[in-house]
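See below for the structure under consideration.
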2 protein chains.
Amino acid sequence: MYSIKKILIGTTIVGVICVAGIRKYFYTNKKNDLKTATEAMESQEKFDEKGSVEDFQKGEPKGDTNIAQFAKLVVKTPKGTRDHKPHQMSLRDPVFEKIKAIFKRFGAPCIDTPVFELKEILTGKYGEESKLIYNLEDQGGEKLSLRYDLTVPFARYLAMNKITNFKRYQISKVYRRDNPAMIRGKFREFYQCDFDIAGEYDTMIADSECVAIIASILKALGLPDFTIKINHRLILDGIFDVSGVPVDKFRTVCSSVDKLDKSPWEEVRKEITEQKGIAEEVADKIGKYVKLNGGKELIDELLDNEELRRSTSSKQGLEEMKLLLQYCDFLNVSQNVVFDLSLARGLDYYTGVIYEAVLKATVVENGKNVGIGSVAGGGRYDNLVGVFDPKGKPVPCVGVSIGVERIFAYLEANAATKPRTTETQVLVCSTQKNLLEPKMKIVTELREANINAEILYKANPNILLQLQYGEKNQIPLAIVIGNSEIEKNVVTVRNIATREEEKIPRERLIEKITERLNKL
Amino acid sequence: MYSIKKILIGTTIVGVICVAGIRKYFYTNKKNDLKTATEAMESQEKFDEKGSVEDFQKGEPKGDTNIAQFAKLVVKTPKGTRDHKPHQMSLRDPVFEKIKAIFKRFGAPCIDTPVFELKEILTGKYGEESKLIYNLEDQGGEKLSLRYDLTVPFARYLAMNKITNFKRYQISKVYRRDNPAMIRGKFREFYQCDFDIAGEYDTMIADSECVAIIASILKALGLPDFTIKINHRLILDGIFDVSGVPVDKFRTVCSSVDKLDKSPWEEVRKEITEQKGIAEEVADKIGKYVKLNGGKELIDELLDNEELRRSTSSKQGLEEMKLLLQYCDFLNVSQNVVFDLSLARGLDYYTGVIYEAVLKATVVENGKNVGIGSVAGGGRYDNLVGVFDPKGKPVPCVGVSIGVERIFAYLEANAATKPRTTETQVLVCSTQKNLLEPKMKIVTELREANINAEILYKANPNILLQLQYGEKNQIPLAIVIGNSEIEKNVVTVRNIATREEEKIPRERLIEKITERLNKL
């Protein structure tokens with residue numbers, strides 16, 4: 001059955017009722033007063049009768065058409081999702097363009113994958129986060145789920161096409177039934193911008209490329225104040241190993257450690273000991289390590305550490321980390337990079353280097369300053385493609401995902417003025433009646449010359465209304481015609497902001513307007 | 001339970017089995033031999049034991065991690081969907097850009113809406129097509145459906161935000177559980193590019209703008225050989241009325257008439273009489289009208305028609321159609337427009353003018369030439385917003401949707417060569433070992449100067465392999481360094497296609513490369 005849904009407008013719960021021809025709103029907060037849509041549609045069908053042509057054309061049919069047969073309709077977007085309005089799109093579009101440009105700067109082509117995958121493709125890839133996957137209704141066909149990220153579909157793409165060597169970017173929406181936190185840009189539907197490198201390459205070269213691309217993107221977006229934390233799953237595994245964590249608890253302890261960016265160690269320690277059943281002295285040993293961060297010196301120190309030297313895992317991880325820091329230096333990003341042992345990353349599939357970029361800026365949420373948090377993250381996942389093609393050649397991968405929604409949330413909160421939402425260059429106006437024909441002809445001529453031009457959709461609009469429309473939409477130029485212009489075969493060109501006007505010959509319209517536009 | 005799924009590779013059904021650590025392929029066509037994924041995962045859990053750190057790091061854990069715990073995995077995209085590979089994206093991207101440019105040329109801003117809507121928002125909007133909607137699983141929250149088009153979400157957006165006056169474009173994917181016909185570009189997931197005008201305007205002005213934008217887009221895409229069929233729901237209603245169709249059968253007869261673009265009149269007549277229960281003489285009367293098409297003269301003829309003059313509906317429709325043809329003339333599109341009484345459009349929500357653009361070109365499918373069919377369509381829907389906001393001011397709308405997948409299918413079939421998939425301008429190469437550091441520094445310098453540049457992710461790659469990579473990816477320039485270049489503080493610039501080389505001073509690298517790139 002349908003559940004009763006409401007929208008809050010102010011503090012009043014509004015239900016919208018529309019029963020065949022008699023439409024009414026009503027305000028109520030008594031849930032039982034509301035008929036469900038199905039109930040009402042069923043009862044509706046019972047007293048339907050043949051109506052007149054007029055009723056039908058008014059959208060109030062009494063026949064077999066469903067339009068307007070609604071009982072109650074809550075008009076909102078689904079929980080955790082939102083529309084993007086024109087002024088938001090004007091802010092978002094250039095950000096996507098800049099990110100695309102950087103992906104291309106690093107030589108990546110683009111692919112696209114379906115919004116849903118076979119459910120089994122996603123099963124078992126996301127550890128404790130798997131419960132957040134949206135499944136589709138089984139409608140007698142395949143079992144499908146909305147994609148949770150772009151990484152698993154990428155691995156599926158590689159395995160399906162037997163590709164062992166590939167670099168690509170993808171910018172698409174992903175879906176997570178998480179608790180939304182709208183202000184910090186956490187939604188259930190959100191864009192990810194991913195760049196991944198698949199293939200057997202020399203140690204850390206592709207990994208350093210991913211760190212470099214994060215830095216290039218954040219700089220290109222005018223967000224130079226960031227830190228890229230890097231760590232290595234092998235180092236974490238080594239720490240867990242020498243601290244005494246059983247192997248089968250590595251990933252679950254790892255996902256507790258991952259919470260250190262939001263929670264203090266005491267809370268994480270409590271989770272590890274009480275929920276995950278790890279001994280207190282083991283937790284304390286872990287705690288000693290995960291508090292560390294630094295650069296090359298820290299790596300050297302840990303390579304010398306008596307305890308860690310017992311783990312071949314962490315030795316390999318530390319050697320790789322050392323090489324990565326060196327490459328970061330060559331790629332001119334080391335000033336933004338810090339080796340941080342508390343970084344763990346939530347997802348199960350990582351096997352090597354992991355990284356996360358954090359903006360230093362904050363936004364105001366519920367009156368408090370809160371950090372924007374991670375705006376990019378990723379790492380190495382060498383076994384994921386093999387899950388889809390166990391017999392195939394191994395396809396080690398490394399990649400990065402830009403969390404663009406948090407960047408938008410920050411940019412929106414800091415936008416000085418609302419940007420223009422259209423790119424119209426010329427508004428064609430009339431000062432007298434019966435001039436629709438010449439206006440339509442002029443607007444067509446302009447558009448055919450690749451000039452963005454509009455008219456108002458009225459036969460005889462008031463000139464003031466037309467110029468107001470131009471001002472409101474920040475259209476730079478107006479072409480104004482009246483009977484005297486028609487007689488003299490000229491048009492008046494007006495700068496809408498300065499109100500300065502000039503008459504130009506009708507036949508030199510395109511040439512003159514192009515000149516004017518080039519000067520703006 | 002999971003259903004048994006298979007992929008056909010050639011004629012052999014392949015199941016992929018991977019049981020904890022022991023991975024194997026097997027070939028079978030006996031369905032019962034295949035364990036389902038759930039069964040295998042359950043039995044897997046029973047004999048799981050703690051494994052070694054090494055097993056774990058090889059992605060073959062025996063602990064609580066799910067990776068590689070799959071029994072059988074079919075690696076494909078869901079039915080009726082597909083990935084888009086780099087060469088397809090290189091074809092698609094510029095098409096979207098051109099369409100966006102035309103939408104902006106007509107003064108439209110952009111909005112975006114979620115991929116799913118509350119199920120009730122979509123219910124009852126699509127007549128006989130409603131069964132094709134994808135529903136999401138009820139996971140204890142709201143009932144959701146994937147959007148079926150962009151029109152209903154647009155109407156919901158207007159009602160929700162109390163907007164009565166708005167023009168916008170939206171380019172997004174929509175979802176229909178239809179029978180896929182891949183070659184003609186009919187998929188279950190596909191893009192629509194919509195332009196709509198909402199608001200009370202003077203008759204036919206906004207409608208003619210929609211017809212004009214179709215023509216502009218098809219011309220901009222290099223597809224000048226098209227016809228835009230136009231008709232009017234009021235004319236069809238008048239024809240049904242004077243022919244003797246009961247009012248409650250108008251929409252169902254309309255959706256039969258809609259099939260005339262694919263089926264001959266005899267089949268449609270059969271459907272109308274046998275399935276829809278309309279008398280034969282009534283069907284024959286309809287048949288007489290829906291075969292007609294023409295221009296202004298046909299409108300005048302029908303305005304004079306004794307029978308049709310009894311219907312106020314069709315009189316109004318014909319008068320509006322006459323005005324529309326006049327406006328099409330002013331907007332310079334009448335050469336592509338034909339008044340066609342067989343055009344009906346499938347969707348329920350249209351109330352006025354309807355139109356559809358058909359390319360004259362054909363594609364080869366199963367060895368036969370078939371028409372590409374409709375590549376754009378739309379019409380007036382004056383009551384849809386009112387369904388969502390019955391008490392609000394009426395918001396009449398008119399819009400058009402570009403069926404861009406069919407256009408891609410046509411362009412792909414006719415593409416002479418595979419386009420470049422990347423935009424890399426410079427490949428940085430080395431002729432000797434141990435030159436990763438200077439290569440990384442050069443590639444970073446180029447990228448910081450906004451030049452798209454790559455290196456291979458190998459420490460000491462063979463020079464031939466590097467140049468092959470450049471040729472394969474049609475990269476115009478290579479920068480080649482060896483020990484002698486390092487010593488002399490120069491780099492060699494090579495035109496990869498012509499093999500012509502030149503040495504330039506290292507410190508003038510950016511200046512010289514920029515010069516060379518500008519000349520290409």
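Predicted model only: the values in this text are computed from it and were never measured. Throughout, a chain's letter reflects where its sequence line sits, starting with A, and its residues are numbered from 1.
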*chain B heavy atoms under 4.5 Å from A/R177: which part of the residue, side chain, backbone, both or neither?*
side chain
*Measure B/D329 against the heavy atoms of chain A and call it side chain, backbone, both or neither at under 4.5 Å.*
neither
*Heavy-atom distance under 4.5 Å to chain A: side chain of B/L144, backbone, both or neither?*
side chain
*Heavy-atom distance under 4.5 Å to chain A: side chain of B/K100, backbone, both or neither?*
side chain
*With only heavy atoms counted, which part of B/Y126 is less than 4.5 Å from chain A, the side chain, the backbone, both or neither?*
neither
*Quick one: of B/A206, B/P394, B/P109, B/S90, who has the most non-hydrogen atom pairs under 4.5 Å with chain A?*
B/P109
*For residues B/K167 and A/Y457, determine if any side-chain heavy atom of one lies less than 4.5 Å from a side-chain heavy atom of the other.*
yes
*Check whether any side-chain heavy atom of A/T113 lies under 4.5 Å from a side-chain heavy atom of B/T77, and answer yes or no.*
no
*Using 30° and 60° as the class limits, which term best fits the ring planes of A/F116 and B/Y134: parallel, tilted or perpendicular?*
tilted
*chain A heavy atoms under 4.5 Å from B/K173: which part of the residue, side chain, backbone, both or neither?*
side chain
*Answer whether the closest heavy-atom distance between the side chains of A/S208 and A/F330 falls below 4.5 Å.*
no
_Residue part contacting chain B, namely of A/Q425, when any heavy atom lies under 4.5 Å_ = neither
*Per-residue contact mode, B/I102 against chain A (heavy atom under 4.5 angstrom)*: neither
*Under 4.5 Å from any heavy atom of chain A - which part of B/E445*: neither
_B/R105 side chain to A/N450 side chain, donor-acceptor N/O pair below 3.5 angstrom_ = yes
*With a 4.5 angstrom heavy-atom cut-off, could you sort out which part of A/A108 is near chain B: side chain, backbone, both or neither?*
backbone
*Residue pair A/P153 / A/Q170, side-chain heavy-atom distance below 4.5 Å*: no
*Please report the closest heavy-atom contact between B/T81 and B/P78, naming both atoms and the distance.*
OG1-O, 2.6 Å
_Residue part contacting chain A, namely of B/Y175, when any heavy atom lies under 4.5 Å_ = side chain
_pair A/L384-A/T351: side-chain heavy atoms closer than 4.5 Å_ = no
*Contacting moiety of A/E189, where chain B heavy atoms sit under 4.5 Å*: side chain
*Region of A/K104 in contact with chain B, defined by heavy-atom distances below 4.5 Å*: both
*asked:* Can you tell me which portion of A/V115 sits under 4.5 Å from chain B's heavy atoms? Options are side chain, backbone, both or neither.
replied: both
